[in-house]
Amino acid sequence: EPEVTQTPSHQVTQMGQEVILRCVPISNHLYFYWYRQILGQKVEFLVSFYNNEISEKSEIFDDQFSVERPDGSNFTLKIRSTKLEDSAMYFCATGAAELSYEQYFGPGTRLTVT
Amino acid sequence: GNSVTQMEGPVTLSEEAFLTINCTYTATGYPSLFWYVQYPGEGLQLLLKATKADDKGSNKGFEATYRKETTSFHLEKGSVQVSDSAVYFCALSPTSGGSYIPTFGRGTSLIVHP
């Protein structure tokens, strides 16, 4: 069964450093999403991406965040200058259609900022 | 705005016990409702969904009924197994207004003992 994969599974970084989280979507999916979950809190939407541009973003997705599909397959989330409060589990999700409610989630990347 | 509230965990049960995980929501319009499950080390998987009032979603012995009058979508299973141990997320997705981004609850951890 096709699945979304994410790398790395765990990333530890120092405050102020840049990190790139990677996601490999299911091959025929066109809609991509990033979510995060701070430990013990809700899963929060960050951004959606379609046709090489951002479709929608939340208040959390400020100027320190960016997304791209650098090679047409990987979907990346970059955090330019990490803060302690960026420590969270980051989930990538992909879907075949915008109106499909069945987003397929990856296993997540745990980001720890020290 | 939209919100989802689900009971806090962990919920600890013995095998074959009856499970209820409560979920209530606040939303404008008529959202679709979902339950996702996250097994250890894996991403969120769609467990079941309901798209209109009085619909019952079901899968793998789990059920949830869309109750508009009580704005609830409680998850139930008649006889849990050890393999059901996971974190369960209730979520809603708008069906109008131009945004279909889901709103999640905090998740409820279920631990089933043999």
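Chain letters run A, B, ... following the sequence lines, proteins first and then strands; every chain starts at 1. What you see is a predicted model, and the numbers here were worked out from it, not measured in a lab.
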* Asked: Checking A:E44 against chain B: side chain, backbone, both or neither under 4.5 Å from a heavy atom?
  -> neither
* Asked: Can you check whether A:F75 and A:F49 have ring centres sitting under 6.0 Å from each other?
  -> yes
* For residues A:Y33 and A:F91, establish whether the separation of their ring centroids is below 6.0 Å. => no
* Step by step, would you call A:S73 with A:D71 a side-chain hydrogen bond (donor to acceptor under 3.5 Å, both in side chains)? -> CA-CA 5 Å; A:S73 59; A:D71 54 10; 3.1 Å; yes
* Under 4.5 Å from a heavy atom of chain A, the part of B:Q38 involved -> side chain
* To do: Identify which part of B:F89 has an atom lying under 4.5 Å from any heavy atom of chain A, answering side chain, backbone, both or neither.
  => side chain
* Any residues in residues 60-71 of chain B near chain A, with a heavy-atom distance under 4.5 Å, and which are they? -> none
* Any residue of residues 105-114 of chain B which, by heavy atoms, sits under 4.5 Å from chain A -> B:G105, B:R106
With no hydrogens and no angle check, is any side-chain donor or acceptor of [X] less than 3.5 Å from a backbone partner on [Y]?
X      : Y     : result
B:T103 : B:S3  : no
A:T82  : A:Q14 : yes
B:N59  : B:L47 : yes

* Inter- and intrachain pairs under disulfide bond (SG atoms under 2.5 Å apart), touching residues 8-42 of chain B, at least two apart -> B:C23-B:C90
* Asked: So, do A:E56 and A:F45 sit near enough that their side-chain heavy atoms are less than 4.5 Å apart?
  -> yes
* Which class fits the ring pair A:Y104 and A:H29: parallel under 30°, tilted 30 to 60°, perpendicular over 60°? -> tilted
* Structure fact -> Those residues at least two apart in sequence (or on a different chain) that pass side chain to side chain donor-acceptor pair (under 3.5 Å) with A:D86 are A:Q64
* If you measure only the distance, is there a donor-acceptor pair under 3.5 Å linking the side chains of A:Y90 and A:Q11? -> no
